Protein chains: 2
Amino acid sequence: MTVYQATASAPVNIACIKYWGKRDTKLILPTNSSLSVTLDQDHLRSTTTSRADPSFTHDRLWLNGKEEEIKEGGRLWTCIREMKRLRKEEVEDKSSSEPKLSTYNVHICSHNNFPTAAGLASSASGFAALVSSLSHLYSLPVSSSTLSLIARQGSGSACRSLFGGFVAWQMGSNPSGSDSLALQIAPQSHWPDIHALICIVSDDKKGTSSTSGMQRTVETSSLLHHRIKTVVPHRMETISKAIQEKDFDTFAKVTMADSNQFHAVALDTEPPIFYLNDVSRAIIALVVEYNRLGVEEGKGYRAAYTYDAGPNAVIYAKKENVKEILELVVEYFPQREGAFKDAFGLFGGGGKVVGKLPMGFNENVAKRFEVGAVKGLIHTRVGDGPRKLGDGEALLNDEGLPKSLA
Amino acid sequence: MTVYQATASAPVNIACIKYWGKRDTKLILPTNSSLSVTLDQDHLRSTTTSRADPSFTHDRLWLNGKEEEIKEGGRLWTCIREMKRLRKEEVEDKSSSEPKLSTYNVHICSHNNFPTAAGLASSASGFAALVSSLSHLYSLPVSSSTLSLIARQGSGSACRSLFGGFVAWQMGSNPSGSDSLALQIAPQSHWPDIHALICIVSDDKKGTSSTSGMQRTVETSSLLHHRIKTVVPHRMETISKAIQEKDFDTFAKVTMADSNQFHAVALDTEPPIFYLNDVSRAIIALVVEYNRLGVEEGKGYRAAYTYDAGPNAVIYAKKENVKEILELVVEYFPQREGAFKDAFGLFGGGGKVVGKLPMGFNENVAKRFEVGAVKGLIHTRVGDGPRKLGDGEALLNDEGLPKSLA
């Protein structure tokens, strides 16, 4: 008996031009275009195995070892239904010899290699891996942009995780959502030098979810409309050009300005939404001072912070500057021994980072925090798009149940 | 020999619609109109004595016991020069029998009854007291709005401290600044029920000065222009009407929205400006939850936070709700024994406030802080405009030197 099964992994992406606000909450159509950098799956990824079998009694999904309900009309349900529809329309309706997989129920098992507690958005990589694994299961002859239309309906920013490198989510204008999809601005190989340092920040309080937060901003912020109409279109052009030209200075300026503006419109919401805390603010102050030094030395901006809907910082920088930035961050935010995984061998084998200030750095721009204020540091870089994995990496066992539960 | 001397006090004001940005930095002409509540001088005030004497060799000024330099072309210098000009034009040129005080040098001594370290803007009350005392010294037959034109050139928001009650600073349009002045929207007696609770918040870091910060916002914020052109004119109308109608619910909504938006445009600045810290954020969360309860109970909004260029909160509320709000704040921000001055006798003689949550309050909206996170609480209310004081309260001695230095 043939086993119909496929496994894929998909990356995390972190936006430089932020997505904040939907014009259609059901189809997940955004109020503005956005642009992100795809991060390397070697460090952060979601892996998903999908299997279709006539013996399965209903669609089932396990996430990180726990079964999730697939609610009718919900986001998971929509993505699975849309993938089955594509299977039928693009494969089965065109060749009657193809097995009718679209009529079988599926078992799906997904796993993130990073802790949910880290506060990294796992819905983007998760829905991208789901859609990728199903597209392989169903042998769909469609483009990544077409798949992005479906991932978008799972979680808006998931559409950008269908590509590696530098990715735009164009908002589109069609009410059906048919042109609200992801496009690759440049592949990873165009500018592999772009690295990222993720600073995982402790937070006392549970923040507002981005789903409810962004709609409150749409309903109550007087400034959001101006951002959507005037600011973002211009920034999309500027940063796309900066990426094409590998102009880090401009890339950094636009990235930081857009992070600031996203948090500004969150603050302009009623009641106001705050995602940045005192630790986030201190990291911003370090990057600002580091860039001031860079300008003074004629090197321009050398680091770009960006914050999503939480206090964690992602600092983009060129590879050559990451070591110095890491030492700077550790000077203010001491790390527990052995906590840092030195993925690029910047600090020899041990990975022990000793705090150090760059020459001429004004140390008074922030106070020094205690161990634990920044809970962890992850060094990664721009990466590729979803990967098809071999059966050896499948997450389902012979019975089509999660291996982790066996 | 006649002594030409006058003493006046002037109040602090806290804006509901914020002033942030100058269109003319020399004349201090704002990019938008603003509106404030004048606070009671019984609790917070600047007192200033001015004396004119032919024996004085030059203009001198002492602030809180320390002599300040009066730099040519500076703000103090401009205010003193303008007041002398008014003396000449409005008094001496019209009646030759009047003494030529405008030709004498002046000694000015000023004192704030609140510590500078409290982080309350003392420049508003200070320049209003300066201008008031000189107007009495010079027996000027001019309106408070005319005096506000001069106070404005000392410190923009000082113009609003020339009136009691509820005060608008209309931005005007004349390049000379002749129509950029303060007007009273309603006197203290119209709505004496408006009280204010000032929460003095500790801050680790020295913030950006408002003078330099606001111009950086003017130069770099994409959102500020929209605020100036579209949002503020509408809010000025709405809040003025709310004050006329004593509609606290609307007053509160507009006040909080404008505080949020001011901090939003500060964040939208390059590099971003932050004035709110984690303690400020927690106070906002308390007020938001308190208002949610009020709405649930059919009472509407009962408290309005507002933040200037620093982490201190001012909470406006109707008198009847202040006790409950004080207990709520103390529940999360315990105070040192005896630190709170119970000016309105809400807690009996001792002034000891015991923390307490209103019924139904969701206590998880903020964590409880340690003693010192909020360094002090000041309970005050809407107050009157500058007061002429008697000679008994003069700050200069017989020789025209500060009594405090004698």
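Remember, it's a predicted structure, so these values are computed and weren't measured experimentally. So you know, we letter chains A, B, ... as the sequences are listed, proteins then strands, and number each from 1.
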Most heavy-atom pairs under 4.5 Å with chain A, out of B:Val288, B:Asp258, B:Leu267, belong to B:Leu267

Selection from B:Thr220, B:Leu276, B:Val265, B:Thr269 maximising heavy-atom pairs under 4.5 Å formed with chain A
B:Leu276

Is any residue of residues 221-238 of chain A within less than 4.5 Å of chain B by heavy atoms, and which ones?
A:Ser222, A:Leu223, A:His226, A:Arg227, A:Val231, A:Arg235

For A:Glu270, salt bridge (Lys or Arg N to Asp or Glu O under 4.0 Å) partners two or more places apart:
none

Excluding sequence neighbours, so at least two apart, what forms salt bridge (Lys or Arg N to Asp or Glu O under 4.0 Å) with B:Asp249?
B:Lys253

Can you list every pair that meets salt bridge (charged side-chain N to carboxylate O under 4.0 Å, His left out) and has a residue in residues 284-294 of chain B, with sequence neighbours left out?
B:Glu289-B:Arg292, B:Arg292-B:Glu296

Any non-hydrogen side-chain atom of A:Asn277 less than 4.5 Å from a side-chain atom of B:Arg281?
yes

Note, A:Pro272 side chain near B:Tyr305 side chain (heavy atom, < 4.5 Å):
yes

Using a cut-off of 6.0 Å, state whether more than 12 heavy atoms not belonging to B:Glu320 lie near its atom CD.
yes

Distance check, rounded to the nearest 0.5 Å: A:Asp278 atom CG versus B:Asp278 atom CG?
3.0 Å

